[in-house]
Number of protein chains: 2
Amino acid sequence: MTTSTNPCPSENKKHCHHDMQVNCGNCRLNTICLPIALETDQIDQLDKIIQRGRPLRKGEHLYHANDPFTSVYAVRAGAIKCYSITNDGKEQVTGFYLPGEVLGMDGISKHRHGSSAKALETSAVCEIPFENLGDLSTRIPSLQRHFFQLMSQEITQDQELITLLSKNSAEQRIAALLLSISSRQARRKLSATRFRLPMSRTDIGNYLGLTVETVSRVFSRFQKLELIAVDNKELELLKPDTLRLMVDGEEGE
Amino acid sequence: MTTSTNPCPSENKKHCHHDMQVNCGNCRLNTICLPIALETDQIDQLDKIIQRGRPLRKGEHLYHANDPFTSVYAVRAGAIKCYSITNDGKEQVTGFYLPGEVLGMDGISKHRHGSSAKALETSAVCEIPFENLGDLSTRIPSLQRHFFQLMSQEITQDQELITLLSKNSAEQRIAALLLSISSRQARRKLSATRFRLPMSRTDIGNYLGLTVETVSRVFSRFQKLELIAVDNKELELLKPDTLRLMVDGEEGE
DNA sequence: CGCCTGGTTGAGAATCATCAACATCTGTGG
DNA sequence: CCACAGATGTTGATGATTCTCAACCAGGCG
């Protein structure tokens with residue numbers, strides 16, 4: 001990871017990919033991201049409305065809750081965490097978004113973002129102005145359909161999380177999160193068993209309705225049982241099938 | 001509520017409204033339901049694609065999880081509960097839908113319903129074939145926009161439930177549910193303080209991630225504190241502001 | 001009338017939160 | 001390059017909330 005050959009003087013960071021030239025047509029995520037199911041010329045049309053800004057550094061915000069809603073965003077690199085602040089001032093993490101995933105759709109109804117979005121590490125996102133997307137969708141029915149599907153997916157995922165919070169133990173919740181990240185890695189053709197967790201233990205706990213301490217203890221227990229190997233944020237799933245069994249629960253019946 | 005003048009011989013039930021002749025234009029819910037923000041002639045177009053079947057009796061299903069997805073549904077009367085079955089065979093209630101509300105949107109992404117929908121009492125629904133809605137949306141941008149908003153709302157609500165489950169005590173969760181129903185009553189110009197709970201204690205507990213026993217105890221406690229008056233399913237909010245304080249939490253700070 | 005479902009109440013147990021101490025990591029400046 | 005500070009993570013002891021199990025009550029329907 002040398003930066004010596006970095007030809008971008010204005011962005012002296014190892015993560016500078018000169019992404020300004022990226023477009024949906026050549027993006028390696030285009031089989032899992034918004035352009036899925038579009039024809040080449042339609043991708044070009046989509047591409048025209050998409051804006052790509054400079055990368056976000058770790059900790060930078062993409063938007064804040066209550067900002068006027070103008071766009072949804074697709075993650076190109078890195079990881080974004082969405083969270084809102086509860087009426088008593090606590091943070092509630094509502095989701096983690098990895099490359100190829102679209103965030104910000106909760107802002108559509110109120111014309112304001114319902115949550116804040118913050119980079120967990122250096123990240124790149126594609127901004128998709130929503131007005132334009134709506135217009136384009138009326139002309140490209142398959143795009144409209146796909147965007148409906150994206151939103152529906154978000155609903156389904158939220159409902160799965162609700163079930164997880166409502167019915168499952170700390171161990172099951174954490175196993176489920178690890179497996180979720182694993183399958184999202186696989187979708188991107190990356191290793192399903194070895195990856196780096198982009199978020200802190202605190203964020204994991206917050207997302208899953210647990211305290212940091214509980215998360216830490218479960219990680220330790222899993223490690224002792226040789227279900228996973230943890231080195232800080234580096235993670236290896238040693239027995240993914242056992243984890244799956246934990247989640248899919250043998251208990252009920 | 002007399003049935004003596006009921007001129008519908010085939011449906012000898014007090015809930016028979018002769019709804020076959022109902023249309024979006026004359027439906028008293030049309031200011032809060034899908035037609036919101038549509039012009040009169042657009043409402044007619046919408047009305048043409050909507051199908052209205054016979055009422056559902058208590059316990060009947062509108063659709064089952066995994067049924068092919070063809071339509072979303074707007075509740076006209078009664079109450080519908082949506083639920084899914086977890087991998088270990090337990091039921092998870094994912095939402096209660098009251099008149100003027102739209103359900104079934106979680107089926108869009110997989111072309112199959114993600115959950116089952118069951119009438120909690122005699123109910124009437126309007127079926128909105130999704131293909132037709134998509135087509136119509138490409139011709140009526142404001143309909144497309146509104147439907148995007150509906151889905152976005154569903155996401156927002158799910159995220160609020162996630163927060164509730166993740167951060168709040170049994171008392172706070174139940175207070176929040178009561179207030180939610182209350183405000184939805186108000187939206188329909190019904191009493192915000194006196195209403196009948198269409199769902200069982202078991203359903204409430206299931207929805208909120210609590211056991212029946214806990215729900216029952218909290219109801220008793222609230223009653224003892226004179227926050228509410230309960231008579232079976234009939235409910236009166238005696239001190240809604242106190243309930244609101246409980247939910248909006250004084251504790252955190 | 002008695003059964004069955006749904007609801008209430010009690011006693012004890014379990015999971016997870018809280019509080020507290022300590023360890024580790026990161027980045028900063030000497 | 002090392003030292004240090006602050007943030008982040010780990011581990012232990014204790015306690016509270018909620019679940020579990022169990023008994024009992026109320027209402028609706030055959």
Side-chain angles (χ1 to χ4, degrees), chain A residues 1 13-14 57-59 81 86 88 90-93 118 120-122 164-175 177 196-225 228-235 246 249 251-252, chain B residues 57-59 81 88 90-93 118 120-122 164-175 177 196-225 228-235 246 249 251-252:
Chain A
M1 284 259 193
K13 309 178 62 54
K14 61 182 173 183
R57 270 187 288 273
K58 177 175 175 171
K81 139 181 128 175
T86 64
D88 53 318
K90 283 177 288 197
E91 180 175 323
Q92 169 68 44
V93 175
K118 189 177 181 177
L120 290 170
E121 52 192 39
T122 307
L164 201 65
L165 293 175
S166 181
K167 296 264 182 302
N168 295 66
S169 67
E171 295 197 348
Q172 291 176 312
R173 294 183 209 181
I174 288 173
L177 176 63
R196 184 186 149 80
L197 293 172
M199 71 293 281
S200 69
R201 302 285 191 271
T202 307
D203 285 336
I204 292 177
N206 193 314
Y207 177 67
L208 295 175
L210 302 169
T211 57
V212 206
E213 293 94 327
T214 301
V215 174
S216 187
R217 275 184 253 272
V218 172
F219 270 60
S220 301
R221 229 175 297 156
F222 281 2
Q223 175 137 260
K224 200 161 293 171
L225 294 169
I228 62 175
V230 199
D231 173 24
N232 208 347
K233 304 208 161 181
E234 292 297 332
L235 194 87
M246 291 188 56
E251 41 166 2
Chain B
R57 269 188 288 272
K58 175 174 177 173
K81 139 180 129 173
D88 52 319
K90 283 177 288 195
E91 180 174 322
Q92 169 68 45
V93 175
K118 188 178 182 177
L120 290 170
E121 52 192 38
T122 306
L164 201 64
L165 293 175
S166 179
K167 296 265 182 303
N168 294 67
S169 67
E171 296 198 349
Q172 291 176 313
R173 294 183 208 180
I174 289 174
L177 176 63
R196 182 185 150 82
L197 294 173
M199 70 293 281
S200 69
R201 303 284 192 271
T202 308
D203 285 338
I204 293 177
N206 192 313
Y207 178 66
L208 295 175
L210 302 169
T211 56
V212 205
E213 293 96 324
T214 303
V215 174
S216 186
R217 277 185 251 272
V218 171
F219 270 59
S220 301
R221 229 175 297 156
F222 281 3
Q223 175 137 264
K224 199 162 292 172
L225 294 169
I228 63 175
V230 201
D231 173 24
N232 209 348
K233 303 209 161 179
E234 291 298 332
L235 196 87
M246 290 188 57
E251 42 169 0

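Residue numbers start from 1 in every chain, and the chains themselves are labelled A, B, ... in the order their sequence lines are given, proteins ahead of strands. What you see below is based on every heavy atom in this structure, not just the backbone, and it leaves out hydrogens, waters and symmetry mates.
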Once side-chain contact (heavy atoms from CB on, under 4.5 Å) is applied, do any residues pair with [X], and if so which ones, sequence neighbours excluded?
| X | answer |
| --- | --- |
| A:T86 | A:D88, A:K90, A:Q92, B:T163 |
| A:T214 | A:A170, A:L210, A:T211, A:V218 |
| B:S220 | none |
| B:V212 | B:R201, B:T202 |

- Do the side chain of B:E234 and the main chain of B:D231 share a donor and acceptor less than 3.5 angstrom apart?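 Checking the backbone N and O of B:D231 against the side chain of B:E234, no donor-acceptor pair under 3.5 Å is found.
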- Message: Protein within reach of the bases, or only the backbone? For nucleotides 11-27 of chain C, mark each nucleotide 5' to 3' as B, S or -, using heavy atoms under 4.0 Å.
- Response: B----SSBB-----S--
- Kindly give the heavy-atom pair with the smallest separation between A:S166 and B:L165, and that separation in Å.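 Closest heavy-atom pair between A:S166 and B:L165: CB-CD1, 4.2 Å.
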- Item | Reported CG-to-CG distance for the pair B:D203 and B:L197, which is rounded to 0.5 angstrom |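 Going from the CG atom of B:D203 to the CG atom of B:L197 covers 11.0 Å.
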- Message: So, taking the atom named CZ in B:F222 and the one named CD in B:E171, what distance separates them when rounded to the nearest 0.5 Å?
- Response: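 Output value for this atom pair is 5.0 Å.
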- Find the bend of the helix from C:dC1-D:dG30 to C:dG30-D:dC1 as the angle between its two terminal axes (five pairs each), to the nearest 10°.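 It works out to 30° between the end axes.
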What's the [atom1]-[atom2] distance between [X] and [N], to the nearest Å?
| X | N | atom1 | atom2 | answer |
| --- | --- | --- | --- | --- |
| B:M199 | C:dG7 | CE | C1' | 16 Å |
| A:I204 | D:dT8 | CD1 | C1' | 12 Å |
| B:L208 | D:dC19 | CG | P | 11 Å |
| B:E121 | D:dG28 | CD | C1' | 17 Å |
| A:K233 | D:dG9 | NZ | C1' | 10 Å |
| B:N206 | D:dC19 | CG | P | 12 Å |
| B:I174 | C:dG7 | CD1 | P | 13 Å |
| B:R201 | C:dT5 | CZ | P | 19 Å |

- Select base, sugar-phosphate, or nothing to describe what A:S200 touches, counting heavy atoms under 4.0 Å on all strands.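 The answer is sugar-phosphate, as A:S200 gets under 4.0 Å only of primed atoms, P, OP1 or OP2.
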- Task: Using the salt bridge (charged side-chain N to carboxylate O under 4.0 Å, His left out) rule, take B:E91 and B:K118 through it: C-alpha gap first, then chi angles, then the decisive distance, then the call.
- Result: CA-CA 13 Å; B:E91 180 174 322; B:K118 188 178 182 177; 5.8 Å; no
